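No experiment lies behind these values; they were computed from the predicted model shown.
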Amino acid sequence: VQLVESGGGLVQPGGSLRLSCEASGFTKDQYIIGWYRQVRWSEREGLICWRSTDDSTSTTESVKGRFTMSRDNAKSTVYLQMNDLEPGDTGVYFCAATFDLSHGAGYCESPYGMDYWGKGILVNVSS
C-alpha cells in the first residue's frame with residue numbers, strides 16, 4: 001500500500017486548502033482511509049476517516065463544519081478540503097489507511113489503529 005499526499009503549503013488565516021492523497025496497492029475492498037495531523041509538540045490526531053463497509057465518515061469535533069473529505073474512485077484519490085483555516089491548524093497532515101475493521105465507532109480516533117501512512121505534508125496557516 002502506498003499513500004502519497006500533495007497540496008500542502010502556506011495559506012493565510014481564513015483561507016482554504018485542499019489536500020490530495022493518491023492511494024495504490026490496496027488488496028481488499030473493505031478498509032478505512034482518512035486524514036490525521038500532527039501539530040507541534042502534540043500527538044498525531046485523527047481528523048476525518050471514511051469506512052468502506054458502511055460508507056460512513058467520522059469527523060473529529062474540532063474540524064466539523066470546516067473540513068470535509070471526499071473521494072474520486074476513478075483516480076484512487078481522497079481529498080481533504082479545509083476551509084476557514086486557523087493558525088492552530090498548522091502542522092503536518094498525513095493520509096492513513098487500514099484493512100482492520102475491528103475498531104467500532106471510534107475508528108478514526110487513534111492513529112495506532114492505522115497501518116499504512118503517507119509521508120505527510122506541511123500545512124502552514126500564517127499571515
Side-chain angles (χ1 to χ4, degrees):
V1 173
Q2 280 195 317
L3 303 167
V4 181
E5 303 97 340
S6 62
L10 175 65
V11 60
Q12 292 188 341
S16 298
L17 203 62
R18 189 179 78 161
L19 304 182
S20 302
C21 170
E22 185 173 352
S24 61
F26 277 51
T27 56
K28 300 178 182 180
D29 293 333
Q30 296 183 342
Y31 56 90
I32 297 168
I33 189 167
W35 291 94
Y36 291 72
R37 75 178 174 194
Q38 188 162 19
V39 301
R40 192 177 296 181
W41 314 127
S42 298
E43 190 175 89
R44 204 171 290 187
E45 66 170 326
L47 300 177
I48 300 179
C49 295
W50 176 74
R51 183 167 60 188
S52 67
T53 51
D54 57 359
D55 195 24
S56 69
T57 301
S58 175
T59 306
T60 194
E61 284 295 326
S62 64
V63 301
K64 275 186 179 178
R66 298 191 300 126
F67 291 11
T68 57
M69 181 177 173
S70 61
R71 306 179 325 274
D72 185 333
N73 293 330
K75 295 182 179 180
S76 299
T77 300
V78 297
Y79 302 96
L80 178 66
Q81 177 66 44
M82 304 184 291
N83 299 325
D84 194 21
L85 284 160
E86 305 165 352
D89 295 315
T90 294
V92 179
Y93 285 68
F94 298 88
C95 181
T98 181
F99 298 116
D100 183 355
L101 303 174
S102 66
H103 305 298
Y107 59 86
C108 195
E109 291 178 5
S110 171
Y112 302 105
M114 307 304 273
D115 298 310
Y116 305 97
W117 292 86
K119 293 182 179 180
I121 193 162
L122 178 64
V123 171
N124 185 4
V125 184
S126 175
S127 54

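- Distance check: Ser70 OG to Arg18 CZ gives 6.5 Å after rounding to the nearest 0.5 Å.
- Of the inter-residue distances, the one linking Leu85 atom CG with Gln12 atom CD reads 11.5 Å to the nearest 0.5 angstrom.
- Ala97 approaches Phe26 most closely through the heavy-atom pair CB-CZ, 3.8 Å.
- Side-chain atoms of Ser102 and Asp100 form a donor-acceptor pair, as typed in the model, at a separation below 3.5 Å.
- Thr53 places no side-chain N or O within 3.5 Å of a backbone atom of Gln30 that could act as its donor or acceptor partner.
- Side-chain heavy atoms closer than 4.5 Å link hydrophobic residues (I, L, V, M, F, W, Y) into clusters, and following such links, possibly through other members, connects Val78 to Tyr31.
- Ser16 OG to Arg66 CZ: the interatomic distance, rounded to the nearest 0.5 Å, is 10.0 Å.
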Go through the steps for Met82 and Trp35 under the test side-chain contact (heavy atoms from CB on, under 4.5 Å), then give the verdict. CA-CA 11 Å; Met82 304 184 291; Trp35 291 94; over 6 Å; no
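- Between Gln38 atom CD and Glu43 atom CD the span is 8.0 Å, to the nearest 0.5 Å.
- Using a distance-only test at 3.5 Å, with no hydrogens or angles considered, a donor-acceptor pair links the side chain of Thr77 to the main chain of Lys75.
- With hydrogens and angles disregarded, no donor-acceptor distance shorter than 3.5 Å links the side chain of Ser58 to the backbone of Tyr107.
- Here the closest non-hydrogen pair linking Ser126 and Pro13 is C-CD, 3.6 Å.
- Side-chain atoms of Tyr36 come within 3.5 Å of backbone atoms of Cys108 as a donor-acceptor pair (strictly under, hydrogens ignored).
- For the atom pair Lys28 NZ and Thr98 OG1, the distance stands at 9.0 Å (nearest 0.5 Å).
- Heavy-atom contacts from other residues, nucleotides or ligands closer than 6.0 Å to CD of Glu45 number more than 12.
- Using a cutoff of 4.0 Å between basic side-chain nitrogens and carboxylate oxygens, Lys119 and Glu5 are not scored as salt-bridged.
- Nearest approach of Gly118 to Phe94, heavy atoms of both residues: O-CD2, 3.6 Å.
- Expressed to the nearest 0.5 Å, how far NZ of Lys64 lies from OG of Ser62 amounts to 10.0 Å.
- Taken together through direct or relayed side-chain contacts under 4.5 Å among Ile, Leu, Val, Met, Phe, Trp and Tyr, Phe99 and Leu3 form part of one hydrophobic cluster.
- One hydrophobic cluster holds both Val11 and Leu47 under the rule that ILVMFWY side chains link at heavy-atom gaps under 4.5 Å.
- The local environment of CD in Gln81 is crowded, with over 12 non-hydrogen atoms from other residues, nucleotides or ligands closer than 6.0 Å.
- Among Asp89, Leu10, Leu19, Val92, the single residue meeting the side chain to side chain contact (heavy atoms under 4.5 Å, CB included) criterion with Val123 is Leu19.
- Residues Ile32 and Leu80 do not share a hydrophobic cluster, clusters being chains of Ile/Leu/Val/Met/Phe/Trp/Tyr side chains in contact below 4.5 Å.
- Other residues, nucleotides and ligands contribute more than 12 heavy atoms inside 6.0 Å of the CG atom of Asp54.
- Thr90 places a side-chain N or O within donor-acceptor distance of the main-chain N or O of Val125, the cut-off being under 3.5 Å.
- Under a hydrophobic-cluster definition in which Ile, Leu, Val, Met, Phe, Trp and Tyr are linked whenever side-chain heavy atoms come within less than 4.5 Å, directly or via other members, Tyr116 and Ile33 are assigned to the same cluster.
- In this structure, Tyr93 and Phe67 have tilted ring planes: the angle between them lies in the 30° to 60° band.
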